[in-house]
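Everything below concerns the one structure shown next.
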Amino acid sequence: MSTAQSAARSAPDGSATRVALFATCINDAMYPDTPRAVVTVLERLGCTVDFPLSQTCCGQMFTNTGYYDEAVPSVRNYVETFEAYDYIVSPSGSCVGSIREQHVMLARQARDVELARRAEAVAHRTYDFPEFLIDVLGVTDVGAYFPHRVTYHPTCHSLRITKVGDRPYQLLKAVRGLTLVELPAADECCGFGGTFSMKNADVSTAMASDKARHVQDTGAEYVVAGDNSCLMNIGGALGRQRSGVAPIHLAQILAHTEAGEDATGCSDRAANDDQAVTS
């Protein structure tokens, strides 16, 4: 299966596939259009999407800074919130990578064998958004339309931890009207790295400037990625360079249709960004 029309999955009782959305902190606080776009795409493909209100941070910020004990409550909350679901989907390779690579380690560090067992089980059912679309739903064409020139930045966690590979490229190449151009030095970090960008601000700024220059070299109108944290960093550099290139999350492109009825705000933003690019 590869098209939106053939994508709907059903449970054994004939009901639609039930998916839990893990929005992530940064999206909830700063980029709510992205999780909305995920819901739009999944519902278009026949899924039923739940948003458990008890969800909080995945704990990555604590863990990466060495506060292992302080991260354990986040692990426990994630497990208790999502373990009832067969599928958990998140629009963040960074947070999914943390859940897969750090949650079990943190539980074991706390010598909580039962939590480690449960965390491992839930981690196996947690998917980065493009993984779920292709590996579970078997879809590359989600019915999207986005008539713009874009370039894709593979974020470090999606490239090296969740290993989404070429899945985002497959999805973007199936978007009607979209022109995808290769990003030079695509596998180089954008310089964000969470607290790295604050502790090593000069190095981070230089890395982001290099990434922004490569983006501009493509002539793209948009730079797309699967993590808004990286897009925030790249977008800041692009803004300082007055490039006219707009950052956009993969989910928001996939939510966009020819009718423009995506409920994500993408249509208005696209129009505004087009004006910025051409002015």
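Nothing here was measured: the structure is a model prediction, and the numbers come from that model.
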Test item: side-chain donor near acceptor, Thr24 and Ser92, under 3.5 Å: no
Sequence-distant partners of Arg18, salt bridge (charged side-chain N to carboxylate O under 4.0 Å, His left out), two or more places apart: Asp50
Nearest-0.5 Å distance, CZ of residue Phe22 to CG of residue Asn27: 9.5 Å
Mutual orientation of the aromatic rings belonging to Tyr87 and Tyr127 [parallel < 30°, tilted 30-60°, perpendicular > 60°]: tilted
Of all pairs that satisfy salt bridge (Lys or Arg N to Asp or Glu O under 4.0 Å), the ones with a partner from residues 58-84, not counting sequence neighbours: Arg76-Asp112, Glu83-Arg118
Those residues that, when tested against Ala174, pass side chain to side chain contact (heavy atoms under 4.5 Å, CB included) (two or more places apart): Asp141
Qualifying residues under side chain to side chain contact (heavy atoms under 4.5 Å, CB included), relative to Phe51, sequence neighbours excluded: Leu21, Ala23, Leu53, Gln55
Pairwise salt bridge (Lys or Arg N to Asp or Glu O under 4.0 Å) hits with a residue in residues 228-254, at least two apart: none
With Asp135 via salt bridge (charged side-chain N to carboxylate O under 4.0 Å, His left out) - residues at least two apart: Arg167
Side chain to side chain contact (heavy atoms under 4.5 Å, CB included) partners for His157, two or more places apart: Gln60, Ser94, Ile161
Side-chain touch Met232/Met30, heavy atoms, less than 4.5 angstrom: yes
Donor-acceptor pair, side chain of Thr40 and main chain of Arg36, under 3.5 angstrom: yes
Whether Thr218 side chain and Ala220 backbone form a donor-acceptor pair below 3.5 Å: yes
Non-neighbouring partners of Arg213 that pass salt bridge (charged side-chain N to carboxylate O under 4.0 Å, His left out), sequence neighbours left out: Asp210
Those residues that, when tested against Tyr78, pass side chain to side chain donor-acceptor pair (under 3.5 Å) (two or more places apart): Thr126
Under 3.5 Å, which donor-acceptor pairs do the side chains of residues 178-192 form with other protein atoms, sequence neighbours left out?
none

Any side-chain donor near an acceptor of the partner, Glu131 and Thr162, under 3.5 Å: no
Those residues that, when tested against Ala71, pass side chain to side chain contact (heavy atoms under 4.5 Å, CB included) (two or more places apart): Phe62, Thr63, Leu106
Residues that Arg117 engages under salt bridge (charged side-chain N to carboxylate O under 4.0 Å, His left out), provided they are two or more places apart: Glu114
Closest non-hydrogen atom pair between Ser229 and Ile26, with its separation: CA-CD1, 3.8 Å
